[in-house]
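Take a look at the structure below.
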Amino acid sequence: MSHQLPEITRRGLLGSGAAVSAAAIAGCIGGSSDDGDNELYFTQEKGWAYKFDPIVANGVPTAQVNEQIYEGLYTYNEDATNSLVPVLADGEPEVSDDGLTWTIGIKDEATFQNGDDVTAEDVKYSFEAPVKEETENAAEVNMIDSIEAVDDKTVEFTLKYPYAAFNTVVIANIVPKSERDGNEKDFGHSPVGSGPFQWVEWEDGQYVLLERWDDYWGEQSPNISGVEFDFVTEQSTRVTGLETGESDVIETVPPQLWEDVKNMNNASIASSLGIGYFYLAFNCNEGPTADPQVREAVDYVFSMDDAVESFVEPAGVRQYSPFPQSVVDAWDFPADQWAEIPHDRDIDQATQLFEDAGVDKDYAWNIIVPPDDMREAIGQSVSNGLKEAGFNNVTFERLEWGTFLDLYATGSEDDYNMFTLGWSGSPDPEAFTYYLFAQELEGSTNGTYYSNDEVDQLIMDAREEPEQEARREMYIEATNTILEDRVHLPAYNTYNSYGVANYVSDFTSHPSSAIIPLSTGYNNVNVE
């Protein structure tokens, strides 16, 4: 089995720039089973654009690591429905009749890895810090008016309005105030949480090493001794790593290699349709794509149906709105109606619309995509279509994550006309409307700068409306306009898929891509 290989051999096999960890060289972690260690080697698809501080971090790869170190008051259940499971909380929240006050008790036994109790002051600090420090996560807690530590183990949230999706906010990770306050710059390099795994070390761009916290306060201790996260962006290299035993689990089984992994003798696929959304977005702030007629012309230059069928399936499914299927089903959204809005490929129609809009054939288009083969394929399809429509000056760039994140939300025509991106949300439609289309998040999670005051008001009203049917109507009306205006061209949703070596037991896929369930109430991974 792969985990029995010498450490230096395992790392040397990566061939992707990953280096031998200091702990591995010293023989301290993983490798031989002689000392009972059974470390899990988990290969992620993408690297970490943030340090490991949940107050600051706002990316899935980092969150997957953070979810092992930190805990929230609550977490999603196994199916990621709206039913939450208490973690640090000692039970269900007490919600006032007007929906404005949420009172939550904290388990007496909950402690951080430094030995300190998890207190109401820690919870208060964890929810106030993103706003105080103006991090990218501020928008996720900006509905909170005030937080009071009623006593050491009771915290009370007072909301500005009866925010119906607040149950998706109280899953946020809690950090120890004593460790982070005044140490904000360095905390993410040596994080401390209350979760079942604790920090060992991190080599930026190489690996993250965690070990089981043997004094974990919770009822279930992990079966595995630790987990090492590496990342390999090249798909075939990830799959080869699984096949050769270099990796125990690899994230994201690529569509073109799906059958290969499925038919491996030494591995299988664990998958679940995610609560996510992938899309092509337009710069509605500057340049020709600020004109909805031009955005419609772009819709005509290629077939999204064909692109998804060719480059995404069977690893994902076509999506026609910002809402993943689980949200569509739960809210009875008119998915069939929305599926009629996008055009199929018609170069003549596209050319006519470009001419009507006055777009010069010498215009220099700029499409940017992150390092992801499926999103790259969508961008490439658009680039090819623009060239077929007579534009020869089309720049198509696949950027590394940090560069992409720096550019995609500037609103500058010089940086992009279009970009492809994905969004991992929550079971509430708020996650796919407010964060992606609200005007107050322009330059943050909204890189389109779409300006439609009626749509914006619907989105803002929906987040303050306590009645679900009223919210549903608002979301449908806003989405109708967003799709007709082609702010985004919805593309697909993917399965959260993992190639899992046969000697790894009880590994399961969760609908939230940020959650890698290693030791939960419904599973406990083991490397046998």
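Just so it is clear, the model here is predicted, and its values are computed rather than measured.
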Verify the distance criterion only: is there a donor paired with an acceptor across the side chains of [X] and [Y] at less than 3.5 Å?
| X | Y | result |
| --- | --- | --- |
| Asn496 | Ser509 | no |
| Glu430 | Tyr163 | yes |
| Asn523 | Thr520 | yes |
| Glu71 | Ser194 | yes |
| Tyr320 | Asp305 | yes |

In this structure, is the centre-to-centre distance between the rings of [Y] and [X] below 6.0 Å?
| X | Y | answer |
| --- | --- | --- |
| Phe278 | Trp423 | no |
| Phe323 | Tyr277 | no |
| Trp199 | Phe52 | yes |

(request) Answer yes or no: is there a side-chain heavy-atom contact under 4.5 Å between Ile378 and Gln380? (result)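 In short, these two side chains do not touch, never coming nearer than 4.5 Å.
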(message) Is any side-chain heavy atom of Trp213 closer than 4.5 Å to one of Gln113?
(response)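 A side-chain contact exists here, since the closest heavy-atom pair is under 4.5 Å.
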(request) Indicate the ring-plane relationship of Phe333 and Trp331, choosing parallel, tilted or perpendicular according to the 30° and 60° boundaries. (result)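 Parallel.
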(message) Parallel, tilted or perpendicular: which one describes the rings of Tyr416 and Phe419, with boundaries at 30° and 60°?
(response)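 Plane angle over 60°, so perpendicular.
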[X] [atom1] to [Y] [atom2] distance, which is reported to the nearest 0.5 Å:
| X | Y | atom1 | atom2 | answer |
| --- | --- | --- | --- | --- |
| Tyr495 | Ser272 | OH | OG | 9.5 Å |
| Phe432 | His488 | CZ | NE2 | 12.0 Å |
| Thr135 | Glu140 | OG1 | CD | 8.0 Å |

(request) Could you please spell out the steps behind the ring pair (Phe, Tyr, Trp, His ring centres under 6.0 Å) verdict for Phe157 and Phe127? (result) CA-CA 10 Å; Phe157 297 87; Phe127 280 87; 5.0 Å; yes
(request) Please determine if Arg318 forms a cation-pi arrangement with Tyr492, meaning its NZ or CZ atom is less than 6.0 Å from the six-membered ring centre and no more than 45° off the ring axis. (result)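 Here Arg318 fails the 6.0 Å and 45° test against Tyr492.
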(request) Determine the sole option in Leu210, Asp248, Leu209, Val227 for which the side chain to side chain contact (heavy atoms under 4.5 Å, CB included) test with Glu39 is passed. (result)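 So the option named by the test is Leu209.
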(request) Indicate the atoms forming the closest heavy-atom contact of Gly274 with Asn493, along with that distance. (result)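 Nearest heavy atoms, Gly274 then Asn493: O-ND2, 2.7 Å.
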(message) Around atom CG of Asn265, are there more than 12 heavy atoms from other residues, nucleotides or ligands closer than 6.0 Å?
(response)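 It does not: Asn265 CG has 12 such atoms or fewer within range.
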(request) Return yes if some donor-acceptor pair links the side-chain N/O of Asn38 with the main-chain N/O of Ser225 below 3.5 Å, else return no. (result)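 Yes.
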(request) I would like to know whether Asp373 and Arg398 meet salt bridge (charged side-chain N to carboxylate O under 4.0 Å, His left out); could you show each step before the answer? (result) CA-CA 9 Å; Asp373 289 352; Arg398 172 170 167 150; 2.6 Å; yes
(request) Using salt bridge (Lys or Arg N to Asp or Glu O under 4.0 Å) as the criterion, list what pairs up with Glu133, not counting sequence neighbours. (result)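 Glu133 satisfies salt bridge (Lys or Arg N to Asp or Glu O under 4.0 Å) with Arg180 once adjacent residues are dropped.
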